[in-house]
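Each chain gets a letter, A, B and so on, in the order its sequence line appears, and its residues count up from 1.
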Amino acid sequence: MPELPEVETTRRGIEPHVIGKRVQDVVVRQGALRWPVPAQLPDLLRGTRILGTARRGKYLLLQTPRGHLLIHLGMSGSLRIVSAADPVRKHDHVDIRLQGGAILRFHDPRRFGCLLWLTEPPDTHPLLAELGPEPLSEAFDAAYLLECASGRKAPIKQFIMDSHIVVGVGNIYANEALFAAGIAPQRAAGKVSAARQEALVAEIKAVLARAIEVGGTTLRDFVGGDGKPGYFAQSLQVYGRGGEPCVACGVTLKEIRIGQRSTVFCPKCQR
DNA sequence: AGTGCGGCCTGTCCGC
DNA sequence: TGCGGACAGGCCGCAC
């Protein structure tokens with residue numbers, strides 16, 4: 001499940017290998033992703049040069065003079081640099097072959113990811129235009145969250161996972177940040193005190209920044225490695241620990257479902 | 001406008 | 001041991 005830190009780690013991992021490179025060819029083995037891979041994608045990319053990479057939320061962008069390739073890794077996607085000698089495995093859906101022999105390979109067993117071609121400025125594309133601020137930017141602060149949350153009845157956990165409010169807070173980090181901020185996940189967003197919202201903003205930033213740092217240490221794995229995500233390396237306080245004791249107080253962690261998502265919290269530490 | 005939920009997929013795990 | 005079924009999950013897009 002690539003969350004924002006893993007997407008950023010992926011971006012940093014592939015960038016030095018793709019920047020300035022010309023696309024030799026594109027091979028689409030399986031185009032039925034969340035949305036169909038544009039049939040013209042090989043023609044659109046062939047011969048063009050990749051100018052750079054960018055990330056918006058969990059979306060990756062490859063910039064070219066002709067347009068942008070928008071990539072989402074969905075739940076099970078990965079993007080790695082391989083060589084022509086690397087055998088094609090099951091679920092290796094798209095290869096972008098670059099000048100010099102390197103291949104940018106998109107792998108996604110569940111096919112919740114996507115590759116789309118944008119000719120308009122990315123910020124104006126429907127998938128990106130309505131997104132909230134980046135969690136690690138200054139635009140995401142306590143005053144902003146407080147204003148957004150005012151009067152909202154949705155559970156705070158669902159609220160911070162809403163990409164229109166803030167991007168990149170997936171289920172794992174929502175659980176972790178709420179625990180760290182001492183907020184019960186089912187509490188209505190509008191009923192979380194200003195002080196706790198401030199703590200929540202700080203914890204979201206902290207947990208994401210820490211995971212990106214950890215991801216950075218696994219960057220070498222992006223070339224020829226297995227592409228294992230770095231963020232699993234970080235110890236999780238609540239996620240996946242339902243029924244086990246709270247690391248802070250020892251009370252049994254509760255597991256419930258909020259918005260069809262598994263939610264773990266400490267009934268004593270989180271109010 | 002805000003909220004709730006169905007659907008897309010396949011690997012993994014559980015119980016029989 | 002093999003097999004079917006439940007489950008996991010990001011996020012769009014629709015219905016209310």
Side-chain angles (χ1 to χ4, degrees), chain A residues 1-11 28-38 55-61 70-79 88-94 106-116 118 122 124-135 145-178 185-192 204 207-208 211 226-229 231-232 236 238-243 255-264:
Chain A
M1 308 141 249
E3 298 236 18
L4 185 144
E6 192 182 349
V7 177
E8 177 61 19
T9 298
T10 295
R11 190 193 67 75
V28 179
R29 296 185 197 85
Q30 170 59 275
L33 305 183
R34 189 184 208 296
W35 295 288
V37 175
R55 180 187 57 75
R56 181 72 176 97
K58 296 182 190 171
Y59 291 94
L60 279 169
L61 287 158
L70 181 72
I71 303 173
H72 198 289
L73 301 178
M75 291 209 27
S76 57
S78 64
L79 211 46
V88 172
R89 296 169 305 165
K90 205 178 174 185
H91 308 305
D92 283 343
H93 303 315
V94 180
F106 178 83
H107 175 92
D108 185 10
R110 294 186 196 174
R111 289 194 268 137
F112 278 17
C114 67
L115 276 80
L116 296 175
L118 315 188
T124 68
H125 188 274
L127 289 173
L128 305 181
E130 308 299 325
L131 293 179
E134 288 289 326
L145 191 65
L146 204 55
E147 193 192 327
C148 290
S150 169
R152 298 287 290 263
K153 293 173 188 163
I156 185 70
K157 173 156 178 276
Q158 249 179 302
F159 186 72
I160 58 170
M161 289 178 67
D162 181 346
S163 62
H164 300 103
I165 304 301
V166 58
V167 297
V169 181
N171 195 39
I172 294 174
Y173 293 127
N175 279 297
E176 295 297 314
L178 286 165
Q186 65 273 46
R187 176 177 286 272
K191 301 252 180 185
V192 176
I204 288 172
V207 76
L208 291 175
D226 57 11
K228 277 211 177 98
Y231 73 105
F232 276 126
L236 300 171
V238 286
Y239 183 80
R241 297 196 59 240
E255 180 150 10
I256 60 172
R257 297 190 71 77
I258 293 179
Q260 297 153 297
R261 299 284 178 280
S262 124
T263 302
V264 186

Interface polar pairs with nucleotides 3-5 of chain B, N/O, under 3.5 angstrom:
| residue | atom | partner | partner atom | Å |
| --- | --- | --- | --- | --- |
| B:dT3 | OP1 | A:K153 | N | 2.9 |
| B:dT3 | OP1 | A:A154 | N | 3.4 |
| B:dT3 | OP2 | A:R152 | NE | 2.6 |
| B:dT3 | OP2 | A:R152 | NH2 | 3.0 |

Evaluate the side-chain proximity of A:L116 to A:L127: yes if any heavy-atom separation is below 4.5 Å, no if none is. yes
Any non-hydrogen side-chain atom of A:L115 less than 4.5 Å from a side-chain atom of A:V28?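 A side-chain contact is absent here, since even the closest heavy-atom pair is not under 4.5 Å.
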Within less than 4.0 Å of OP1 or OP2 of C:dG10, is there a side-chain N or O belonging to A:H72?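 For C:dG10, neither OP1 nor OP2 has a side-chain N or O of A:H72 closer than 4.0 Å.
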Nearest-Å distance, [atom1] ([X]) to [atom2] ([N])?
{"X": "A:E3", "N": "C:dC11", "atom1": "CD", "atom2": "C1'", "result": "13 Å"}
{"X": "A:E130", "N": "B:dG2", "atom1": "CD", "atom2": "C1'", "result": "15 Å"}
{"X": "A:L33", "N": "B:dC9", "atom1": "CG", "atom2": "C1'", "result": "11 Å"}
{"X": "A:M161", "N": "C:dA8", "atom1": "CE", "atom2": "P", "result": "13 Å"}
{"X": "A:R257", "N": "C:dG10", "atom1": "CZ", "atom2": "P", "result": "11 Å"}
{"X": "A:L70", "N": "C:dG10", "atom1": "CG", "atom2": "P", "result": "18 Å"}
{"X": "A:D162", "N": "C:dG10", "atom1": "CG", "atom2": "P", "result": "13 Å"}
{"X": "A:Y173", "N": "C:dG10", "atom1": "OH", "atom2": "C1'", "result": "15 Å"}

Can you tell me if [X] uses its side chain to pair, donor with acceptor, with the backbone of [Y] under 3.5 Å?
{"X": "A:N175", "Y": "A:V264", "value": "yes"}
{"X": "A:Q30", "Y": "A:H91", "value": "no"}
{"X": "A:E176", "Y": "A:V207", "value": "no"}
{"X": "A:S76", "Y": "A:R110", "value": "yes"}
{"X": "A:R187", "Y": "A:A189", "value": "no"}

If you write DNA chain C from 5' to 3' in dot-bracket form, with Watson-Crick or G-U pairs under 3.5 Å, [ ] for crossing pairs and | for pairs with another strand, what do you get? .|||||||||||||||
What N/O pairs connect the protein and nucleotides 10-13 of chain B at under 3.5 Å? Give each pair on its own line.
| residue | atom | partner | partner atom | Å |
| --- | --- | --- | --- | --- |
| B:dT10 | OP1 | A:R111 | NH2 | 2.6 |
| B:dT10 | O2 | A:R110 | NE | 3.3 |
| B:dG11 | OP1 | A:H91 | NE2 | 2.5 |

Return the stacking result for B:dC8 and A:F112: yes when the ring centres lie under 5.5 Å apart and the planes under 30°, no otherwise.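 Given the distance and angle limits, yes, they stack.
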Could you pull out all donor-acceptor pairs under 3.5 Å where a side-chain atom in residues 154-169 of chain A meets a protein atom, sequence neighbours excluded?
| residue | atom | partner | partner atom | Å |
| --- | --- | --- | --- | --- |
| A:K157 | NZ | A:N171 | OD1 | 2.7 |
| A:K157 | NZ | A:T263 | OG1 | 2.8 |
| A:D162 | OD1 | A:H164 | N | 2.8 |
| A:D162 | OD1 | A:H164 | ND1 | 3.0 |

Return the [atom1] to [atom2] distance between [X] and [Y], rounded to the nearest 0.5 Å.
{"X": "A:L70", "Y": "A:L118", "atom1": "CG", "atom2": "CG", "value": "5.0 Å"}
{"X": "A:L4", "Y": "A:R56", "atom1": "CG", "atom2": "CZ", "value": "10.0 Å"}
{"X": "A:M75", "Y": "A:R34", "atom1": "CE", "atom2": "CZ", "value": "12.0 Å"}

Polar atoms only, N or O, under 3.5 Å: list the protein pairs with nucleotides 12-16 of chain C and their distances.
| residue | atom | partner | partner atom | Å |
| --- | --- | --- | --- | --- |
| C:dC12 | OP1 | A:Y59 | OH | 2.7 |
| C:dC12 | O4' | A:R34 | NH2 | 3.0 |

What heavy-atom pair brings A:H93 and A:L33 nearest, and what distance separates the two atoms? CD2-CD2, 3.8 Å
Once salt bridge (Lys or Arg N to Asp or Glu O under 4.0 Å) is applied, do any residues pair with A:R11, and if so which ones, sequence neighbours excluded? A:E8, A:E15
Salt-bridge criterion met for A:E255 and A:R241 (N-O under 4.0 Å):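 Judged by the 4.0 Å cut-off on N to carboxylate O distance, A:E255 and A:R241 do not form a salt bridge.
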